[in-house]
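Some notes on the structure that comes next.
Below, chain A is the first sequence line, B the second, and so on; all start at residue 1.
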2 protein chains.
Amino acid sequence: MPQELSPTRKRIVDAATKLFYAEGIGRVSVDAVAEKAGLTKRTLYYHFKSKDDLIAAYLDGRDQPNLKQMAGWFDAAEGGPDRKVEAIFTNLARVARHPKWKGCGFLRTAAELAAMPGHPAMKVGSRHKANFEKWLAGEMSGRSILEPQTLAREIVLLMDGAFSIMLIHRNPDYIEAAGHAAAMLVRARSQDSA
Amino acid sequence: MPQELSPTRKRIVDAATKLFYAEGIGRVSVDAVAEKAGLTKRTLYYHFKSKDDLIAAYLDGRDQPNLKQMAGWFDAAEGGPDRKVEAIFTNLARVARHPKWKGCGFLRTAAELAAMPGHPAMKVGSRHKANFEKWLAGEMSGRSILEPQTLAREIVLLMDGAFSIMLIHRNPDYIEAAGHAAAMLVRARSQDSA
DNA sequence: GCTTGTATATTCACTAGTCGGTATATATTG
DNA sequence: CAATATATACCGACTAGTGAATATACAAGC
């Protein structure tokens, strides 16, 4: 599904990514994206048939890097699966302290497009979140954990809750609290603990 | 903090509430709110000094009704605190099935205003979420539960995660899953269960 | 090695409409 | 008269998207 990226197309998506994430898709004009990419709006419309398509391309471009980031934190952490899961949250809390952090681009886009459930970007976002949940369930099921799918879904709920609440309170403690709760749920389903 | 509501002011806020929740604050023009309220834009600007203020008034008007809704579901449920907490989620899953349901207005507004942390509506939203967490902690601490504040925060995380994920997948199962996880966390901290 | 043809890629200038906000005038009411 | 509340009409800036011309690259024909 990820389109082939001509150099120009990549420049446009890169510019859109910076602006859409920083300001929100609704507050960024196509003109602004074109200017940031260093080309005219007409050229942008040669490569994308509409702003909606550009939004979808923006999210599509974040799918794999995002998953790799999470998997990297998970893999790098020492200890059992509870510690590895908690490490994801700890790292999220760290990056969330940066002033440029503005939450999860997928969730914020979904919030802006809530009235348009069939929007192409919504499908991309839904697939991304499903991919993450699936990856997490796979990691859990490889580590002697009961009900790995249920657990993965609960961890996803805590993580997306942390993203959302952090946006409203701007307090990383919520991400840490989510991490502790997630680790607790992992331990509750670890067969070794019985 | 809730402003006195003249009849005209109330009509404006009612119209804004319907439109902002249905479409998102960024996609609704002040003209549209005025038309829905049955008056001119100039009159609207007589009662509100800016659109930003109107957005804040919209959220402020949802604070108490929202809390009462949650408390009503909690109080009406039979059984222990785990069942009462889970009842909130069950009721949320029910209303979320309605096609007009578009998630949590506070979270969606926060997502749209992520680049403006000092926006007046952000403060209203933050206070609302804090009120809910505080109420929940109070209910928990009155029922022989360990670490009621921590538990309340975890439940809030699961609930806001459910709101967000539901918007992206449009699948109420996530809300039910969050409810089960919340009930499990309540039981894990119930002193009676020891 | 030229020239011509063709597809790709880009630009300028523009449309028709919307945005938040306001200047000014006028009712209504005590 | 004075305060409150409403309406008409408008502003400059910005919006997504497009028409028409043009530049660039590269291949085929001679």
Open item on the list: In this structure, how many angstroms lie between the P atom of D:dT6 and the CZ atom of B:Phe48, rounded?
Closed with: 12 Å
Task: Candidate nucleotides C:dT22, D:dA7, D:dG17, ranked by approach to the side chain of A:Tyr45 - the nearest - done: D:dG17
- [ ] Run the salt-bridge test on B:Glu133 and B:Lys129 with the 4.0 Å N-O cut-off and return the result as yes or no.
- [x] no
TODO: Indicate whether OP1 or OP2 belonging to D:dT6 is found under 4.0 Å from a side-chain N or O atom of B:Tyr46.
DONE: no
Open item on the list: Can you tell whether the side chains of B:Arg189 and B:Glu147 come within less than 4.0 Å, N to carboxylate O?
Closed with: yes
Task: Whole angstrom value for the distance that separates P of D:dT8 from CG of B:Leu39 - done: 11 Å
Open item on the list: It should be established whether A:Thr43 places a side-chain nitrogen or oxygen under 4.0 Å from OP1 or OP2 of nucleotide C:dT10.
Closed with: no
Task: B:Ile12 CD1 - C:dG20 P separation (whole Å) - done: 15 Å
Task: Separation of atom CG in B:Leu54 from atom P in C:dG21, rounded to whole Å - done: 10 Å
- [ ] Give the rounded distance in Å between these two atoms: CZ of A:Arg9 and P of C:dT10.
- [x] 13 Å
Open item on the list: From the set C:dG21, C:dC12, C:dT24, return the single nucleotide nearest to any side-chain atom of B:Arg42.
Closed with: C:dT24
Open item on the list: Can you tell me if B:Thr8 touches the phosphate of D:dA5, counting only side-chain N or O atoms and a distance under 4.0 Å to OP1 or OP2?
Closed with: no
TODO: Indicate yes or no: does A:Arg108 engage A:Glu112 in a salt bridge with an N to O separation below 4.0 Å.
DONE: no
- [ ] Determine, for A:Lys10 against A:Asp14, whether the closest basic-nitrogen to carboxylate-oxygen distance falls under 4.0 angstrom.
- [x] yes
TODO: Could you state the atom-to-atom distance from CG of B:Leu44 to P of C:dT22 in whole Å?
DONE: 12 Å
Open item on the list: For A:Tyr58, run the ring-ring contact (aromatic ring centres under 6.0 Å, His included) check against A:Phe106, A:Phe48, A:Phe20, A:Tyr21 and tell me which one passes.
Closed with: A:Phe20
Open item on the list: Between B:Gly38 and A:Ser50, which residue's closest nucleotide on DNA chain D lies nearer the 5′ terminus?
Closed with: B:Gly38
TODO: Under the side chain to side chain contact (heavy atoms under 4.5 Å, CB included) rule, what do A:Met70 and A:Phe74 come out as? Steps first, then yes or no, please.
DONE: CA-CA 6 Å; A:Met70 301 286 182; A:Phe74 184 92; over 6 Å; no
Enumerate all atom pairs, one protein N or O and one N or O from nucleotides 15-19 of chain C, separated by less than 3.5 Å.
{"unit_1": "C:dC19", "atom_1": "OP2", "unit_2": "B:Ser29", "atom_2": "OG", "d": "3.4"}

Open item on the list: Can you tell me if B:His47 touches the phosphate of D:dT4, counting only side-chain N or O atoms and a distance under 4.0 Å to OP1 or OP2?
Closed with: no
TODO: Nearest whole angstrom, please: distance from the P of D:dT18 to the NZ of A:Lys49.
DONE: 11 Å
Open item on the list: Here's a test for you: under side-chain hydrogen bond (donor to acceptor under 3.5 Å, both in side chains), which of B:Lys123, B:His128, B:Arg127 qualifies with B:Asp60?
Closed with: B:Arg127
